[in-house]
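Presented below is the structure to which this report refers.
Note on naming: letters A, B, ... go to the chains in the order of the sequence lines (proteins, then strands), and numbering restarts at 1 for each one.
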Amino acid sequence: MVAATDPQAVAAPDALPKPENRVWKKFRRHKSAMLGGVLVVFFVVIALLAPFLPIAAPEATDWSAVRQAPSAAHWFGTDEIGRDVLARLIWGAQASLLAGVVSVGIAVLVGVPLGILAGYFGGWIDAIISRCTEALLAVPFLILAIALAAFLGPSLTNAMIAIGISATPLFIRLTRGQVINVKVEDYVESARAIGLPTRMILTRYILPNVAPPILVQATLTVATAIIAEASLSFLGLGQQPPAPSWGSMLNVAKNFLNQAPWMAMYPGISIFLVVLGFNLLGDGLRDALDPRER
Amino acid sequence: MLAYFLRRVMIAIPTIILISMFVFSLQHLLPGDPLLVLAGEERDPETLEFLREKYRLNDPIPVQYLAWVWNALQGDLGTSFRTNQPVTELIAEKLPVTLQLAIMSLIFALAIGIPAGIISAYKKGTVTDWAANVVALSGLSIPNFWLGIMLILLVSVKWQLLPASGYVPPGEDLWQSIRTMLMPAFVLGTALAATLMRHTRSSMLGVLTSDYVRTARAKGLSERVVVLKHAFRNALTPIVTLTALLFGELVAGAVLTEQIFTIPGFGKLVVDAVFNRDYAVVQGIVLVTAVGFIVMNLLADMAYMLLNPRLREA
């Protein structure tokens with residue numbers, strides 16, 4: 001009888017590399033995942049460096065340079081009131097990434113504990129949590145986010161809250177299912193047998209073992225959340241002007257398609273690349289973390 | 001079969017009740033007194049009192065909720081503050097427009113997604129498979145409202161092939177109606193095609209290695225018959241379920257697509273209601289979509305049973 005230890009450590013003789021290394025190795029061989037990682041890191045870096053880059057102020061208007069095509073002075077052109085599109089894109093990256101990460105953070109912080117409670121304890125706790133989850137899942141993600149953002153009032157913060165709440169049921173359902181699988185494993189059984197308090201079983205045995213699929217889902221949901229934020233901003237329910245955001249840039253750009261197509265081109269490409277990055281990263285993580293394919 | 005159906009309906013009821021509670025409580029998220037939102041510029045005390053009575057704002061919240069549900073059950077979801085039209089009437093008016101968009105999008109999605117999925121599974125590991133996957137992943141990553149904007153720029157502004165916006169009812173001029181809806185349906189359809197392709201591929205991969213496919217090949221059947229008749233038919237069941245589940249994505253996608261192509265449908269109604277602070281309409285729409293989703297789920301379950309005889313007997 002093996003006492004409560006990490007199951008992977010028990011199963012693997014000392015000669016094998018540690019699971020973290022193995023995952024990293026597998027991940028590095030995954031070319032598309034690496035590409036995803038590079039894309040994500042690139043956008044994170046430019047978002048963080050935005051204040052230090054030699055670019056125009058994102059809200060500085062220049063009436064002598066309205067809707068100018070891309071040139072040496074303005075690489076990506078200027079918008080309808082002469083603001084530099086590149087500068088707004090770089091600052092917009094901040095809003096997009098922040099929205100993606102914060103809303104998924106909310107969803108994980110609320111959804112995972114509720115999913116663990118429902119999965120581990122079952123009974124009426126599970127019944128209540130599961131019914132509420134199903135009810136929320138019945139409302140399409142974006143409709144729910146739009147309705148919440150509409151009632152909360154338009155702002156970037158409220159958009160993040162709305163997207164976060166809309167994504168929460170995904171994490172409750174996923175975590176609950178994982179916990180139900182894990183809680184009948186021998187090592188959880190033995191932890192209970194040696195009399196560990198429930199709190200410790202949940203945090204030391206259940207949580208680490210349900211974490212990988214949650215990490216994968218979180219990465220993929222950041223992609224969804226970034227599109228959702230862009231959609232809300234596009235509709236005018238997210239970041240408020242004049243603060244830059246990719247979605248609101250597109251909203252304005254659609255009125256100047258004929259005269260200034262670059263205004264619409266670059267924000268869309270940016271959304272596409274960053275979302276693609278998170279999607280590739282998530283798919284790669286799923287393959288790397290999948291225990292069946294070792 | 002009937003017993004199963006009834007059991008499923010029974011499970012759906014508490015979910016619908018919860019949704020109604022949630023939708024009702026949305027209005028309490030509004031900052032400040034909902035009455036002042038309802039009244040708009042109106043500040044006359046008598047009018048305020050009249051509205052307070054009319055919307056039962058003096059009653060305790062549970063009573064308000066029950067009154068709201070009672071009306072909803074009779075098809076009364078309140079009236080739009082903007083147009084003074086009943087919400088149900090507004091929704092019924094816009095629904096056919098979105099239905100046309102949804103059906104045309106689904107045709108695009110199925111016509112692209114399923115063949116792509118089959119081919120990519122059949123040619124697993126080849127360049128074709130890789131290319132199909134890259135296209136699908138890109139389809140999932142492109143915001144479809146941006147795709148719409150770019151298509152308008154190319155097809156309508158540059159080449160002037162198709163109208164950029166508007167709506168023509170099919171009863172008025174069928175050809176013109178399809179032409180106007182072609183681009184929006186393509187935009188919405190491609191997003192769904194990506195999801196469908198990925199699911200078809202993984203479903204087909206599972207089936208292609210099964211014993212009965214090997215048997216079919218051993219019998220000397222042609223590849224065409226093996227793949228399409230033996231493998232695809234069995235891979236189809238999960239795809240049917242998925243198609244029903246795409247309902248949610250379809251409605252949500254319609255919101256942005258209709259906004260870009262100015263199509264006067266359900267999605268445009270949502271956005272207009274949000275901007276006019278027409279909260280009863282927003283609530284009505286959320287409720288109707290959620291119930292629609294649950295019904296679609298039920299239908300998908302039923303289809304699943306019908307397509308899989310092994311489940312039917314159980």
(request) May I ask you to name which of Ile16(B), Ile142(B), Val271(B), Leu140(B) has the most heavy-atom pairs under 4.5 Å with chain A? (result) Ile142(B)
(message) Using heavy-atom distances under 4.5 Å, tell me whether Asn251(A) contacts chain B through its side chain, its backbone, both, or neither.
(response) neither
(message) Measuring only between side-chain heavy atoms, which start at C-beta, is Val255(B) closer than 4.5 Å to Ile143(A)?
(response) yes
(message) With a 4.5 angstrom heavy-atom cut-off, is it the side chain or the backbone of Ser138(B) that approaches chain A, or both, or neither?
(response) both
(message) Is Ile226(A) close to chain B through its backbone or its side chain, or both, or neither, when contacts mean heavy atoms under 4.5 Å?
(response) neither
(message) Testing the basics here: between Leu137(A) and Phe293(B), what is the closest heavy-atom pair and its distance to 0.1 Å?
(response) O-CE2, 3.8 Å
(request) Find the distance between CD1 (Ile11(B)) and CZ (Arg131(A)) and round it off to the nearest 0.5 Å. (result) 7.0 Å
(request) Examine whether an atom of Ile294(B) lies under 4.5 Å from a heavy atom of chain A, and if so say whether it belongs to the side chain, the backbone or both; otherwise answer neither. (result) side chain
(message) Taking side chain as everything from C-beta outward and backbone as N, CA, C, O, which of these in Ile260(B) sits under 4.5 Å from a heavy atom of chain A? Side chain, backbone, both or neither.
(response) side chain
(request) Would you give the length of the straight line joining atom CG of Leu18(B) to atom CG of Leu136(A), rounded to the nearest 0.5 angstrom? (result) 8.5 Å
(message) Just verifying a value: how many Å separate Cys132(A) SG and Ile19(B) CD1, rounded to the nearest 0.5 Å?
(response) 10.5 Å
(request) May I ask you to name which of Leu250(A), Leu280(A), Val139(A) has the most heavy-atom pairs under 4.5 Å with chain B? (result) Leu250(A)
(message) So which residue, Pro143(B), Ala12(B), Gly267(B), Gly148(B), ends up with the most heavy-atom pairs under 4.5 Å with chain A?
(response) Pro143(B)
(request) To the nearest 0.5 Å, tell me how far Leu256(B) CG sits from Leu142(A) CG. (result) 5.5 Å
(message) Could you report the tightest heavy-atom contact between Ala264(A) and Ile149(B), atom names first, then the distance?
(response) CB-CG2, 4.0 Å
(request) Could you please spell out the steps behind the side-chain contact (heavy atoms from CB on, under 4.5 Å) verdict for Leu235(A) and Phe145(B)? (result) CA-CA 10 Å; Leu235(A) 295 173; Phe145(B) 56 98; over 6 Å; no
(request) Name the region of Ala147(A), side chain, backbone, both or neither, that has any atom closer than 4.5 Å to a heavy atom of chain B. (result) both
(request) Could you tell me whether the side chain of Trp146(B) and the main chain of Ile271(A) form a donor-acceptor pair under 3.5 Å? (result) no
(message) Between Phe247(B) and chain A, with a heavy-atom cut-off of 4.5 Å, which part of the residue counts as in contact: side chain, backbone, both or neither?
(response) neither
(message) Using 0.5 Å steps for rounding, measure from the OG atom of Ser141(B) to the CD1 atom of Ile227(A).
(response) 6.5 Å
(message) Let me confirm one number: the CZ-CD distance from Phe234(A) to Gln259(B), rounded to the nearest 0.5 Å.
(response) 6.5 Å
(request) Return yes when atom CZ of Phe186(B) has more than 12 non-hydrogen atoms of other residues, nucleotides or ligands closer than 6.0 Å, and no otherwise. (result) no
(message) Which one wins on heavy-atom pair count under 4.5 Å against chain B: Ile269(A), Val274(A), Leu273(A)?
(response) Ile269(A)
